[in-house]
2 protein chains.
Amino acid sequence: MAAEVIRVLVVDDHPVVRQGLRTFLDLWDDLEVVGEAADGAGCLAAADRLRPDVILLDLRMPGTDGVHALHGLRAAGNPARVLVITSFAEPSVIVPAVRAGAAGYVYKDVDPAALAAAVRSVHAGHVLLHPSVARLLAEGEARPGAAALTAREREVLTEVARGNSNREIAKTLLLSEKTVKAHMTAILGKLGLHDRTQAALYAVRTGLVSPAGW
Amino acid sequence: MAAEVIRVLVVDDHPVVRQGLRTFLDLWDDLEVVGEAADGAGCLAAADRLRPDVILLDLRMPGTDGVHALHGLRAAGNPARVLVITSFAEPSVIVPAVRAGAAGYVYKDVDPAALAAAVRSVHAGHVLLHPSVARLLAEGEARPGAAALTAREREVLTEVARGNSNREIAKTLLLSEKTVKAHMTAILGKLGLHDRTQAALYAVRTGLVSPAGW
DNA sequence: CAAACCCGGGGTCCTAGGACCAAAGTCCGA
DNA sequence: TCGGACTTTGGTCCTAGGACCCCGGGTTTG
């Protein structure tokens, strides 16, 4: 028994998904699931306690999300390699995660063999990137993404993505409508979008607002 | 060994989710996963071949979706009880499924014990509904939902939910802008919404358009 | 046959939205 | 201290969007 066992921590808010991932990984003798967590905070605690080699991390979770967890891992100097599990094809979701230290990502429709290969690959020190994501990283972001937004802009965008008008947002955030419009102009400029509808859709696609949010 | 075994078919487009559900159900001796399918068409074929007692069905899948599969099961006179697995809280997604014959639904964050209980319950002939869904069924739909839209209206809404302006939609669908506006007015009226942004969000939430559609 | 529905398209009109100009105050890092 | 970023708000102006009126043709159903 000379084969090294890769210790894996599974982080996803859905128990079904965690179980599916665990079962997939249990198919291989060289992979061992040493723990699970349901959000970013649980991830940090479990990573500290269990010292996994690889963390499978969903980005979009309630409470502390995946990107924040990545920052936390980095700040704690945790050496675990992080493989992001995502439903989202949008590079601008993934680029911030990669910038925050993720070693790669796989989509949720991954099959067991591909998942195992990805885990082994990041454990071996590789970085797994789709060409479109690699290009974005190389060029800097062609479309900066939500990371370029200020906190206030993000608040306004969140309200837009809840279907509210500028007037309603002004009331909610205790601003003048002029201010909301100014933020909106900034948001559209930064994201390279044409109107609020595109902005709302973008917010949903990138996980800023959940589709079931209202 | 007098206990009856409930035969279950698992239908979801994500292998990870299917595996998670299978593993959950395997925890109980009275539940047996007899097959899997990745979309509505696969569901119909498997249901016909395997004759499950209960089908766990995701509504939102590429190709033939869950509601269409429900219609197909009914048309085929298949007696299997259908338990919908959904990420969506929105009753207007679920009501059409229940109307199409689903015996109930559980959310994707369900734990193993609750899932098993739900399977047994629908197998025993019960209908599992949250009060808000039951009320909608009793009253008829307060908000008719996408089912009230004509085919053309649905096409226009799909384009709106892709972030296109009326002018762009007119070009795409070879219409005058006036006609697009007329459809838009009809859509907003039928869905009880105020503007296109809400309509786009609604389309995403109800699965008419996938968040990753553009 | 009439009614209902769907489709397409015309008109008028108003306002929400956004482009683009300006300004002031606060905070923080070099 | 100064400059940049952020936040807030004002102005002007134009147009996309949508409410609400109208019409005609085709199809289906009672």
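Here is the naming used below: chain letters follow the sequence lines, and residue numbers restart at 1 for every chain.
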**Request:** Could you pull out all residues at least two apart from B:Arg51 that satisfy side chain to side chain donor-acceptor pair (under 3.5 Å)?
**Result:** B:Asp48

**Prompt:** Can you give one letter per nucleotide of nucleotides 23-29 of chain D, going 5' to 3': B for a protein heavy atom under 4.0 Å from the base, S for sugar-phosphate only, - for none?
**Reply:** -------

**Asked** Please give, in whole Å, the distance from D:dC6 P to A:Leu175 CG?
**Response** 17 Å

**Item:** CG-CD1 distance between B:Leu57 and B:Ile85, expressed to the nearest 0.5 angstrom
**Value:** 8.5 Å

**Asked** Tell me, do B:Val204 and A:Leu201 make a side-chain contact under 4.5 Å, heavy atoms counted?
**Response** yes

**Request:** Verify, without hydrogens or angle tests, whether B:Asn78 (side chain) and B:Ala47 (backbone) share a donor-acceptor contact under 3.5 angstrom.
**Result:** yes

**Message:** So does A:His126 get a backbone contact from the side chain of A:Arg81, meaning a donor-acceptor N/O pair under 3.5 Å?
**Reply:** yes

**Asked** Does the side chain of B:Thr179 get closer than 4.0 angstrom to OP1 or OP2 of C:dG8 through an N or O atom?
**Response** no

N/O to N/O distances under 3.5 Å, protein versus nucleotides 3-6 of chain C:
none

**Prompt:** A:Arg196 has an atom CZ; how far is it from atom C1' of D:dT15, in whole Å?
**Reply:** 15 Å

**Complete:** Given the options B:Val54, B:Asp53, B:Val84, B:Ile6, B:Val122 meets side-chain contact (heavy atoms from CB on, under 4.5 Å) only with B:Val54

**Request:** With axes from five pairs an end, tell me the bend angle of the helix from C:dC1-D:dG30 to C:dA30-D:dT1, nearest 10°.
**Result:** 40°

**Request:** Only counting residues at least two apart or in another chain, list the ones meeting side chain to side chain donor-acceptor pair (under 3.5 Å) with A:Ser176.
**Result:** A:Thr179

**Request:** For DNA chain C, determine which residues of residues 164-171 of chain B have any heavy atom closer than 4.0 angstrom to one of its atoms, and list them numerically.
**Result:** none

**Qualifying residues under side chain to side chain donor-acceptor pair (under 3.5 Å), relative to B:His14, sequence neighbours excluded** = none

**Message:** Whether the side chain of A:Arg196 engages the backbone of A:Asn164 through a donor-acceptor N/O pair (distance < 3.5 Å, no angle test) should be reported.
**Reply:** yes

**Message:** Keeping A:Glu168 on the side-chain end and A:Ser165 on the backbone end, is there a donor-acceptor pair under 3.5 Å?
**Reply:** yes

**Request:** Side chain of B:His183 only, please: which of D:dT9, D:dG17, C:dG8 is the nearest?
**Result:** C:dG8

Please write out the pairs of protein N or O atoms and N or O atoms of nucleotides 19-25 of chain C separated by less than 3.5 Å, giving the distance to one decimal.
unit_1	atom_1	unit_2	atom_2	d
C:dA19	OP2	A:Thr185	OG1	3.4

**Prompt:** Side-chain contact, heavy-atom cut-off 4.5 Å: B:Val8 with B:Leu56?
**Reply:** yes

**Prompt:** B:Arg120: what forms a salt bridge (Lys or Arg N to Asp or Glu O under 4.0 Å) with it, not counting sequence neighbours?
**Reply:** B:Asp30

**Nucleotide C:dC7, atom C1' - distance to CG of B:Leu174 in whole Å** = 14 Å

**Prompt:** Tell me: CD of B:Glu177 to P of C:dG8, nearest whole Å?
**Reply:** 15 Å

**Message:** With heavy-atom distances below 4.5 Å as the criterion, would you say the side chains of A:Val16 and B:Asp111 are in contact?
**Reply:** no

**Message:** In this structure, how many angstroms lie between the C1' atom of D:dG18 and the CG atom of B:Leu191, rounded?
**Reply:** 15 Å

**Which residues share a salt bridge (Lys or Arg N to Asp or Glu O under 4.0 Å) with A:Arg7, sequence neighbours left out** = none

**Message:** According to salt bridge (charged side-chain N to carboxylate O under 4.0 Å, His left out), does anything in residues 169-181 of chain A pair up with another residue at least two apart or in another chain? List the pairs.
**Reply:** A:Arg167-A:Glu177

**Item:** Contact list for residues 151-161 of chain A, test salt bridge (charged side-chain N to carboxylate O under 4.0 Å, His left out), sequence neighbours left out
**Value:** A:Arg152-A:Glu155, A:Glu153-A:Lys190, A:Glu159-A:Arg162

**Asked** Can you check the A:Arg154 CZ to D:dC6 C1' distance for me, whole Å?
**Response** 13 Å

